[in-house]
There are 2 protein chains.
Amino acid sequence: MDDATAARREVALMLRRLDVELDAVSQRFALAHGLNRTDVRALVAIMDAARRGEALSAGGLGAAVELRSASVTALVDRLERGGHVRRVRDPEDRRRVTLAMSESAMAAGAEHFGGLSRDMVDALGGYTDEELAVVVRFLTEMTEIVQRHARTDPPD
Amino acid sequence: MDDATAARREVALMLRRLDVELDAVSQRFALAHGLNRTDVRALVAIMDAARRGEALSAGGLGAAVELRSASVTALVDRLERGGHVRRVRDPEDRRRVTLAMSESAMAAGAEHFGGLSRDMVDALGGYTDEELAVVVRFLTEMTEIVQRHARTDPPD
DNA sequence: GGCTAATCTCTCGAAGATCGAGACTATCGT
DNA sequence: ACGATAGTCTCGATCTTCGAGAGATTAGCC
């Protein structure tokens, strides 16, 4: 293996390393709020949907965090009991239950992840437009590749 | 918010998106091998340690995946029962138990994650040295930031 | 319009995962 | 040597996830 390939392999490792560290941030949030990993993933999914202007349904949440409906019910029970979320019956389709984040959960999320995002944006302020374009290209291509593997990997 | 900041904020979102997709790859691996999330994280930690030439101990594994010793025992029991790992009493310190990955688990990991890594390296082959340097800088800085937050975030 | 099938969430009991407390063995420091 | 410390394991309790199936609502068809 030549040096060029080694350098590129190193980049792949760095990406995984970053992934691990990101995980630690979530873990920290979980610890601080008495949540487990699943609950944090759920809150993030709900918050992401809210950012996109959608209200996630119980089923949608299950798809996002990969849990069966029985587990989603239990999960939402926990989140509701903790005051992070409340159930809202969808008036369009009264079978569905949508999840609305509470003010406090929204604030806690912003407090914890907002600072991280802000620091990232600040750091990126030191990049020229050309450099930023490289980063965007990198993230776009990596996401495409990962997505392809997430869908078609198991030839089993 | 001006366009420049918007673009940089977008990058932060893309990074999180990539994180989610990476998670899906692990989930896929878990599904294909009848493992849960924790087990996959554990196998990855053991494999990473092996790549660095270290043999992870039970305690080290617990630190890596954030589990108490009782849970680590149960976790290693599961992995050992599944033939993914075997316990090896450390001859240097006979209190310790180190984890050795089985051939089959090693192969399965390479099969699943190796392809992903290969595709990434291939894609990075299209980057000039200058572009690669930008990517490395980006990953390095982001990791630093995330790491800082993972350690000091909760001012609670 | 009414009937059947499909969709969405929930309940229940069983199986799996995590934990705290404490036991047991091996090592370290004096 | 000997007490203290570190590393792993056992046990029982608690929390999480799941499959199966019930109940309620909507969609499709005649």
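Residue numbers start from 1 in every chain, and the chains themselves are labelled A, B, ... in the order their sequence lines are given, proteins ahead of strands.
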TODO: Flag the pair Arg148(A) and Glu144(A) as a salt bridge only when some basic side-chain nitrogen lies within less than 4.0 angstrom of an acidic carboxylate oxygen.
DONE: no
Task: 5'-most by nearest nucleotide on DNA chain D - Asp90(A) or Glu66(A) - done: Glu66(A)
- [ ] Looking only at side-chain atoms of Ala58(A), point me to the closest of dC18(D), dT9(C), dT26(D).
- [x] dT9(C)
Open item on the list: Given 3.5 Å as the limit, does a donor-acceptor pair link the side chain of Arg8(B) with the main chain of Leu124(A), or not?
Closed with: yes
- [ ] Answer yes or no: is there an ion pair linking Arg16(B) with Asp19(B), defined by an N-O contact shorter than 4.0 Å?
- [x] no
Open item on the list: I need the CD-P distance between Glu92(B) and dG7(D), as an integer number of Å.
Closed with: 15 Å
Open item on the list: Working note: Thr5(B) + Asp2(B), criterion side-chain hydrogen bond (donor to acceptor under 3.5 Å, both in side chains); need CA distance, chi angles, decisive distance, verdict.
Closed with: CA-CA 6 Å; Thr5(B) 303; Asp2(B) 54 80; 3.3 Å; yes
TODO: Taking only the side-chain heavy atoms of Ser71(B) (C-beta and beyond), determine which of dC19(C), dT10(D), dT16(D) contains the nearest atom.
DONE: dC19(C)
Open item on the list: Rounding to an integer number of Å, can you tell me how far Leu75(B) CG sits from dT8(D) P?
Closed with: 13 Å
Task: d(CZ, Arg81(A); C1', dC15(D)) in whole Å - done: 10 Å
Task: First of Ala70(B) and Arg96(B) reached from the 5' end of DNA chain D, by closest nucleotide - done: Arg96(B)
- [ ] Write down the distance between CZ (Arg78(A)) and C1' (dT16(D)), rounded to a whole number of angstrom.
- [x] 6 Å
TODO: Determine the contact category for Leu67(A): base if any of its heavy atoms lies under 4.0 Å from a base atom, sugar-phosphate if only primed atoms, P, OP1 or OP2 are that close, otherwise nothing.
DONE: sugar-phosphate
Task: For atom CG of Leu61(B) and atom P of dT18(C), their distance in whole Å - done: 11 Å
- [ ] Among dT11(C), dT26(D), dA6(D), find the nucleotide with the atom closest to the side chain of Arg95(A).
- [x] dT26(D)
Task: Length of the line joining Arg68(A):CZ and dG19(D):C1', which is rounded to integer Å - done: 10 Å
Open item on the list: Tell me the interatomic distance from Asn36(A), atom CG, to dT14(D), atom P, rounded to whole angstroms.
Closed with: 18 Å
TODO: Could you check whether Arg87(B) gets within reach of a base, just the sugar-phosphate, or nothing at all, counting any heavy atom under 4.0 Å?
DONE: sugar-phosphate
- [ ] Take the protein atom CG of Leu79(A) and the nucleotide atom P of dT17(D), then report the distance between them rounded to whole Å.
- [x] 11 Å
Open item on the list: I'd like to know if Ser69(A) reaches the base of dC10(C) with its side chain such that a donor and an acceptor end up less than 3.5 angstrom apart.
Closed with: yes
TODO: Would you tell me if any nitrogen or oxygen in the side chain of Thr38(A) comes within less than 4.0 Å of OP1 or OP2 on dT17(D)?
DONE: yes
Task: Whether His112(A) and Phe29(A) hold their rings parallel, tilted or perpendicular, with breakpoints at 30° and 60° - done: perpendicular
Open item on the list: Over all strands shown, is Ala74(A) touching base, sugar-phosphate only, or nothing at heavy-atom distances under 4.0 angstrom?
Closed with: base
